[in-house]
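Heads up, the thing below is written out as structure tokens.
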Protein chains: 4
Amino acid sequence: MNKDNKLLTQQEEKKIKIFEAARRIVSEKGYEKTTMLQIAKAADVATGTIYEYFENKEDLFLTIAAEQYGLFDEELKIHFSGIKSAFEKIRKYIWFYFYFFQKDPLYSEIWLLVIRLNKSLAQSTAYPWIQQSGKEIIDLLKAGQEEGMIRKDIDLYVMRHLLLGSLEHAMTRWLLKGKTYDMLSYSEKISDLIIDAIKK
Amino acid sequence: MNKDNKLLTQQEEKKIKIFEAARRIVSEKGYEKTTMLQIAKAADVATGTIYEYFENKEDLFLTIAAEQYGLFDEELKIHFSGIKSAFEKIRKYIWFYFYFFQKDPLYSEIWLLVIRLNKSLAQSTAYPWIQQSGKEIIDLLKAGQEEGMIRKDIDLYVMRHLLLGSLEHAMTRWLLKGKTYDMLSYSEKISDLIIDAIKK
Amino acid sequence: MNKDNKLLTQQEEKKIKIFEAARRIVSEKGYEKTTMLQIAKAADVATGTIYEYFENKEDLFLTIAAEQYGLFDEELKIHFSGIKSAFEKIRKYIWFYFYFFQKDPLYSEIWLLVIRLNKSLAQSTAYPWIQQSGKEIIDLLKAGQEEGMIRKDIDLYVMRHLLLGSLEHAMTRWLLKGKTYDMLSYSEKISDLIIDAIKK
Amino acid sequence: MNKDNKLLTQQEEKKIKIFEAARRIVSEKGYEKTTMLQIAKAADVATGTIYEYFENKEDLFLTIAAEQYGLFDEELKIHFSGIKSAFEKIRKYIWFYFYFFQKDPLYSEIWLLVIRLNKSLAQSTAYPWIQQSGKEIIDLLKAGQEEGMIRKDIDLYVMRHLLLGSLEHAMTRWLLKGKTYDMLSYSEKISDLIIDAIKK
DNA sequence: AATGAATGAGTTTTCATTCAT
DNA sequence: GATGAATGAAAACTCATTCAT
């Protein structure tokens with residue numbers, strides 16, 4: 001390892017430190033109430049240093065959002081591997097949804113309470129991953145229909161509302177209630193009900 | 001009408017003017033990005049005048065929220081009148097949900113994007129109407145089970161996640177997408193799917 | 001009594017009501033922290049009504065100050081009646097000082113904590129009574145010297161500092177300590193010491 | 001001197017610049033009428049910069065007051081050095097009181113502020129230096145009594161009223177009158193009178 | 001690359017005063 | 001004369017961003 005390489009590594013580390021600090025604080029306080037100074041202190045860097053790695057506050061926030069989505073997507077792909085049936089994938093998706101958010105409540109807060117409802121994010125074309133995130137479910141449902149496992153009399157988008165809506169609602173309540181009760185028992189029942197509703 | 005009556009009306013009018021201006025701007029920009037000066041200008045009053053009618057920014061915001069919920073609740077009751085069956089009420093509820101939010105998109109934005117997901121609001125006991133809003137559905141579902149119209153093998157709370165989750169998700173997407181497409185055709189299909197899922 | 005007379009009386013009463021309310025609140029909170037609305041509410045009138053009787057906040061405050069001084073002066077004159085010796089008058093003055101402030105702590109707070117330390121008041125020539133208030137002591141001391149009862153080797157102004165300074169300091173402490181202890185026993189001792197210091 | 005040292009000095013200088021500007025303006029206009037913007041402009045910094053060095057307006061003000069008291073106390077100690085007799089220390093104290101205020105009129109105006117501050121903070125335990133300031137005189141007087149130089153028939157607190165009251169009164173008048181007359185000739189005479197009154 | 005002091009526009013809120021009724 | 005709603009200037013304080021070191 002040469003000097004440059006080592007420096008790069010140190011930089012990467014610093015970027016991650018800032019990233020993690022920002023993620024933690026944003027999930028605690030929300031975007032508007034998180035200040036750059038808070039992030040800087042939590043990351044143990046100077047405020048100016050944040051601007052070495054991120055354009056500005058919005059960029060930092062958007063990077064977190066993209067990363068957040070990427071992580072979900074990446075892990076999901078791993079969990080999908082080996083499963084061929086679209087229907088089974090949907091089952092898996094539901095399970096994974098609860099599993100992922102429960103595993104890392106920090107992430108789920110950012111996703112559910114911050115990103116998902118950001119109007120400018122939702123309408124922006126600059127961040128294609130946001131548009132992307134919903135399309136996959138549509139593809140899965142369509143494939144499930146073609147397999148003959150999912151009812152064909154219902155619009156795909158309607159089913160997506162039912163699917164994602166139920167999941168998000170359940171998780172959001174759990175977050176807002178302070179994560180005090182056990183999510184696991186719920187998740188299974190919700191899974192059953194959703195599957196029951198969309199299957200042939 | 002006497003002089004006093006007229007004065008009262010003028011006052012009420014001004015309060016409503018501020019109220020409507022605040023509602024409009026908050027729904028456009030969100031709570032944090034709405035300034036008192038913007039509201040004042042939009043309502044064509046001085047900033048100080050807002051403080052004649054509302055304690056502070058939070059109070060103004062909360063008053064809007066309470067009003068919002070109250071209106072939904074009040075209108076819903078009217079629509080429920082004459083309906084005896086709990087199951088039919090649920091049908092009606094779903095229809096009304098779309099109808100109400102579509103009728104007044106300004107209201108729906110505040111409810112769906114601002115109030116519903118505000119952590120401190122959700123956990124606050126100072127605003128009982130927020131807690132109240134979810135309990136009614138539970139009662140309806142329970143009554144539907146007792147009538148024998150709704151399946152008894154599923155937890156009430158799980159069904160509520162499905163019901164409210166689907167509705168909220170559908171409406172939220174519609175809002176975030178800029179209300180560009182027609183909601184009515186969706187609403188009916190979603191209704192069908194939800195009813196289908198929870199009925200015996 | 002005619003109508004005009006009765007109206008005048010009602011007005012006088014209203015003015016006094018405002019006056020008393022202002023005095024009470026100013027003594028509690030100080031000049032800067034007293035608002036016109038607080039006074040209006042305490043006097044049970046509208047804010048605009050205060051401006052019917054007083055030019056503005058400063059005028060109201062100054063009127064209180066003048067009244068305050070006038071009351072002290074007026075009562076003092078009564079207590080002086082029958083006393084011929086200047087030396088005895090000084091004795092009386094000291095006693096009266098404690099007596100007056102103790103009798104009406106509201107008055108003393110305004111005088112000691114508000115008026116006395118107000119720079120613009122002290123330097124103003126618009127309020128001759130303020131200048132006047134100190135001159136009387138000088139006259140008394142001078143007369144005492146001429147009577148041969150008060151030492152002549154000390155500058156009159158120096159003696160006034162000792163006299164008024166001691167009194168004000170003692171009363172101020174009493175006020176600041178919450179008027180919890182008995183002032184009477186002190187006042188006598190302080191009297192003795194001051195008299196002792198200035199007498200021949 | 002290294003770079004760090006120089007930086008520290010620059011910071012200190014800026015803090016002092018703000019401090020001095022605040023002191024000057026507060027002494028001119030009083031606490032309530034001094035705005036943070038005025039201080040910022042006078043110190044040639046941005047308003048935000050003040051908040052880098054002081055918590056808020058009250059903290060800035062309290063720091064000035066504490067500094068003021070500390071300075072008095074510190075210098076007094078130096079002047080006390082070499083003097084053994086408590087009685088002589090009291091003589092010195094009186095002299096120093098006038099000397100200190102005359103030497104730096106800017107400081108002395110702040111003292112008026114301190115007096116006023118004392119009024120509002122007299123009952124507060126958060127600023128121990130305020131309570132402290134009066135106790136020292138009691139100790140000195142007591143020691144003077146034990147030396148046999150100060151009369152024992154008078155309560156210590158009564159003597160303190162005479163001593164501090166006279167000094168404060170003389171200085172306050174001088175300050176409020178705009179420091180137009182010569183204080184030195186007075187101070188000596190007041191000294192003589194006070195000493196005369198309390199000595200055996 | 002890293003720092004963090006400095007910036008100052010922007011925000012909420014207050015309150016003496018006015019004036020139409 | 002009395003009212004009190006309306007005013008809006010002014011204040012304290014915040015914080016994303018910059019830039020000299």
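The sequence lines fix the lettering, A, B, ..., with proteins before strands; numbering per chain opens at 1. What you see is a predicted model; the values in this text were computed from it and never measured.
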* With distance as the sole test, does D:Thr34 use its side chain to make a donor-acceptor pair with the main-chain N or O of D:Gly30 at under 3.5 Å? -> yes

Rounded distance [0.5 Å steps], [atom1] in [X] versus [atom2] in [Y]:
{"X": "B:Asp59", "Y": "B:Ile64", "atom1": "CG", "atom2": "CD1", "result": "10.0 Å"}
{"X": "D:Phe61", "Y": "D:Thr63", "atom1": "CZ", "atom2": "OG1", "result": "10.5 Å"}
{"X": "B:Leu60", "Y": "B:Phe19", "atom1": "CG", "atom2": "CZ", "result": "7.5 Å"}

* Asked: Can you give one letter per nucleotide of nucleotides 10-15 of chain F, going 5' to 3': B for a protein heavy atom under 4.0 Å from the base, S for sugar-phosphate only, - for none?
  -> -SSBBS

* Asked: Counting just side-chain N and O atoms, does D:Tyr53 come under 4.0 Å of either OP1 or OP2 of E:dA5?
  -> no

Taking [atom1] from [X] and [atom2] from [N], how many angstroms apart are they, rounded to a whole number?
{"X": "B:Asp44", "N": "F:dG8", "atom1": "CG", "atom2": "P", "answer": "10 Å"}
{"X": "D:Ile39", "N": "E:dG8", "atom1": "CD1", "atom2": "C1'", "answer": "17 Å"}
{"X": "A:Phe54", "N": "F:dT17", "atom1": "CZ", "atom2": "P", "answer": "14 Å"}
{"X": "B:Asp59", "N": "E:dT13", "atom1": "CG", "atom2": "C1'", "answer": "14 Å"}

* Check whether NZ of the Lys or CZ of the Arg C:Lys57 lies under 6.0 Å from the centre of the six-membered ring of C:Tyr31 and within 45 degrees of that ring's axis. => yes

* Taking the six-membered ring of D:Phe54 as reference, does the NZ or CZ atom of D:Lys15 fall below 6.0 Å from its centre and within a 45° cone about the axis? -> yes

* Structure fact -> Dot-bracket assigned to DNA chain E with the 3.5 Å Watson-Crick/G-U criterion, [ ] for crossing and | for other-strand pairs, is .||||||||||||||||||||

* **Residues forming a side chain to side chain donor-acceptor pair (under 3.5 Å) with D:Glu20, sequence neighbours excluded** => D:Arg23

* Which atom of B:Met36 lies closest to which atom of B:Ile50, heavy atoms considered -> O-CD1, 3.4 Å

